[in-house]
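A quick write-up on the structure given underneath.
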4 protein chains.
Amino acid sequence: MSKRTQILNASETVLATYGFYAFSMQHVAEAAEVAIGTIYRYFANKEALLCELNKFIREDAAAKLFNGWQDSLSAKEKYDLVWENAFHCVLSTPKRLTLIEMLHFVPNMHQTEINLFEDQTFKRLFDFYQQGIDSKRFLDWDLFALFSVSFDTSIALAKQVIRGRYEPNQTELKKVRDASWAIIQNPDFNQQD
Amino acid sequence: MSKRTQILNASETVLATYGFYAFSMQHVAEAAEVAIGTIYRYFANKEALLCELNKFIREDAAAKLFNGWQDSLSAKEKYDLVWENAFHCVLSTPKRLTLIEMLHFVPNMHQTEINLFEDQTFKRLFDFYQQGIDSKRFLDWDLFALFSVSFDTSIALAKQVIRGRYEPNQTELKKVRDASWAIIQNPDFNQQD
Amino acid sequence: MSKRTQILNASETVLATYGFYAFSMQHVAEAAEVAIGTIYRYFANKEALLCELNKFIREDAAAKLFNGWQDSLSAKEKYDLVWENAFHCVLSTPKRLTLIEMLHFVPNMHQTEINLFEDQTFKRLFDFYQQGIDSKRFLDWDLFALFSVSFDTSIALAKQVIRGRYEPNQTELKKVRDASWAIIQNPDFNQQD
Amino acid sequence: MSKRTQILNASETVLATYGFYAFSMQHVAEAAEVAIGTIYRYFANKEALLCELNKFIREDAAAKLFNGWQDSLSAKEKYDLVWENAFHCVLSTPKRLTLIEMLHFVPNMHQTEINLFEDQTFKRLFDFYQQGIDSKRFLDWDLFALFSVSFDTSIALAKQVIRGRYEPNQTELKKVRDASWAIIQNPDFNQQD
DNA sequence: AATGAATGAGAATTCATTCAT
DNA sequence: AATGAATGAATTCTCATTCAT
């Protein structure tokens, strides 16, 4: 693993452990097992490191999200895959969602840039929804309104697990997932089936 | 407004504006228009201030969430009220959700304490759901699984608005809200109606 | 003495002792017997401290230069006073000339600003020369050409003393001083006397 | 040009541009277009580099000062040559005087060593003055007192030009030069002429 | 109760120097 | 000989906290 990646991984670990509250270059250096000066060979300063970490995390998250995706899968299979990937992804790195939120506060990290970046990494998911809308398979709502009642439920549920409020249960999980799929279906279209 | 409240309000403002990144007692003192020393008359130290801020924000959020709640309202009316209150509450203080996440990282702020505190502030909502489950009006799922596909959609949608991805639209909003209500209804129960 | 002055004095001492080579805020703080943080209460940063030091030194030098000046003195008495003040001033703070040179290298310290400042502090001397030129008492040269062969000799001589090349000797000193006065006299004017 | 000379030249450039304030081995390496490690092949460390630079600058200055010097020239011609060489030398490398001053602050660079070195490089000029004194052509003053009212005026005038206070003018320049020559002549001796 | 100057530990950053290639 | 990545001590600067007024 390259020094750069080593440092980025260490940064995520430190941030997830201590938060910004105690995110120091010293801690990162120790966690990455490099000298402090080495960090500055790869990143101009703390701010730059955090910006790069932002991208790094989002890219990694996107990769995990689409793990197993094949164009040959049916729409429902694709949905199930992504919904479950998201659920497990949040659970496996429970602090990440918070990290992503926190990284919004890094100076010079602007929403529009982040959105552009997200557009690219989540393009496949956005396209999937847009096709559903265009083909009348899904309700004729705004894409992001559909999101909030379907895909986002996987994240909402995972958060309840993280908070210790909910024990994941395979059967019930499938029910939630299927309900979130059902809710966005266009009744008219499915009658045609 | 008491000096204490003045300081807590200023703290939220500073935190929402600069994040932890630049959350200093100096900034808080300036925003609250008091001397630094004065903060220490009301809060033992920075950590204590942040813990109190955590409670302060949650209490305020809870109050806003149940604004207009009356026991005489019907179940659906109660749901609509809370769903919409949550939606507008997130929109009116868009950084709050992140603040709440970030405050988890303050040392000596433990998940179990927070959960206990949340249990109290959101008791009414939890009870509302539990009654729905017990009376078979809602699906026989875990309370928090229900949450994730119903109430949580208001927050997911508000977040899309904050991200600039979605323009709130009264008609569509109601559709989302109603769909999130519909999805947790027990079909057997409603047939009885 | 105010803390600010304490710090400026200490800064000159440290700079004169170690040069920029080892001019650290730590050294200044120790020499001024204050905490490092205290320096930052009076000066925004190291650069600002050096800029203020520049002014401080120049003001002090100007005060010493004109010590004893009275409008009632004759032209020659005024010249002798300033020439000798300059000579002793350089000798009493032998590193100052170098400091002044070095301070030109502080970023954001620009020649035009310095000249404006010098114009004010040395105004009396410039006026004195200008009157000499206008009244035809002095040679009809450029003011600063006159300077270089008269007033500047006091500094050139003092530097030789500092370098250990020359032992000041009251009688000879007067000869140099008087020669430097003689050289700028306008022969035509003095014939009129 | 040898790598060593390349590095010394780059050192002067960097020093003249940024001062000690930002004189780093990194900057020198970039300016010299060599790798940092290469500097250490030619100079033991930064201090050694600066000491060598000191010599390098002084040797170069001495060479320029006596450029065109021939024993066959008359005393006045020699004086004019050196006076003007000095004047143009200061103007062509305006930061050098300050550099030389600043290099005094490099640790282990002692005044006596520097004087010894100067004695060698300026020997010709010192001898010239001493012969003038011995032959009664010049005033019977200390050598360095004579210096301050004659040769040093060329440097004083050049400094006024650097400061932007004076525009060099060929005719006037000669007047200043000649006046500085006239002032050190022994009237008794010249009557003999 | 309120103030804000003073403190100094700790964080970010720089940079001389080393050393494996 | 030449390179430049890696190091970590030293430096600048910040900021929580104290305390005399």
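Proteins get letters first, then strands, A, B, ... in listed order; numbering begins at 1 in each. Computed from a prediction, not measured in an experiment: that's the story for all the values here.
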Note, Leu116(B) side chain near Gln120(B) side chain (heavy atom, < 4.5 Å) = no
key: Length of the CD-P vector between Glu47(B) and dC15(F), whole Å   = 18 Å
request  = Take atom CD of Gln6(A) and atom C1' of dA5(F), then tell me their distance rounded to the nearest Å.
outcome  = 13 Å
inquiry  = In this structure, how many angstroms lie between the C1' atom of dC19(F) and the CG atom of Asn45(B), rounded?
reply    = 17 Å
inquiry  = Any salt bridge linking Glu12(B) with Lys95(B)? Criterion: basic side-chain nitrogen under 4.0 Å from a carboxylate oxygen.
reply    = no
ask   = What parts of residues 31-41 of chain A reach DNA chain E, counting only heavy atoms under 4.0 Å away?
value = Ile36(A), Tyr40(A)
ask   = Contact class for Tyr42(B) (heavy atom, under 4.0 Å): base, sugar-phosphate, or nothing?
value = sugar-phosphate
ask   = Where do Lys3(C) and Glu33(C) land on the salt bridge (Lys or Arg N to Asp or Glu O under 4.0 Å) test, with the steps shown first?
value = CA-CA 10 Å; Lys3(C) 281 258 152 77; Glu33(C) 293 181 310; over 6 Å; no
ask   = Within this structure, what is the CZ-to-P distance between Arg4(A) and dA6(F), rounded to whole angstrom?
value = 13 Å
message = What is the separation between atom CD on Glu30(C) and atom P on dA10(F), rounded to the nearest whole Å?
response = 13 Å
message = Just the rounded figure in Å: distance from C1' of dT7(E) to CD1 of Ile7(C).
response = 13 Å
request  = Can you tell me the distance, in whole Å, between the NE2 atom of His27(B) and the C1' atom of dT14(F)?
outcome  = 11 Å
ask   = Do you know the tightest heavy-atom contact between Lys46(B) and Phe23(B)?
value = NZ-O, 2.9 Å
ask   = With respect to the phosphate group of dC15(E), does any side-chain polar atom (N or O) of Lys46(D) fall under 4.0 Å of OP1 or OP2?
value = no
query = Stems in DNA chain E: runs of 3 or more consecutive Watson-Crick or G-U pairs, distances under 3.5 Å?
reply = E:2-21 with F:2-21
query = Under 3.5 Å, is there a donor-acceptor pair between the side chain of Thr93(D) and the main chain of Val90(D)?
reply = no
inquiry  = Any carboxylate oxygen within less than 4.0 angstrom of a Lys/Arg side-chain nitrogen, looking at Arg4(D) and Glu52(D)?
reply    = yes
inquiry  = Mind checking if Phe43(B) touches a base, just sugar-phosphate, or nothing, with heavy atoms under 4.0 Å?
reply    = nothing
message = If you compare every side-chain N and O of Lys3(B) against the phosphate oxygens of dA2(E) (OP1, OP2), does one of them come in below 4.0 Å?
response = yes
key: Rounded distance (Å) that lies between atom P of dA11(E) and atom CD of Gln26(C)   = 17 Å
query = Is there side-chain contact between Phe56(D) and Thr5(D), with at least one heavy-atom pair below 4.5 Å?
reply = yes
request  = Answer yes or no: is there an ion pair linking Glu101(C) with Arg96(C), defined by an N-O contact shorter than 4.0 Å?
outcome  = no
query = So, do Phe20(C) and Val106(C) sit near enough that their side-chain heavy atoms are less than 4.5 Å apart?
reply = yes
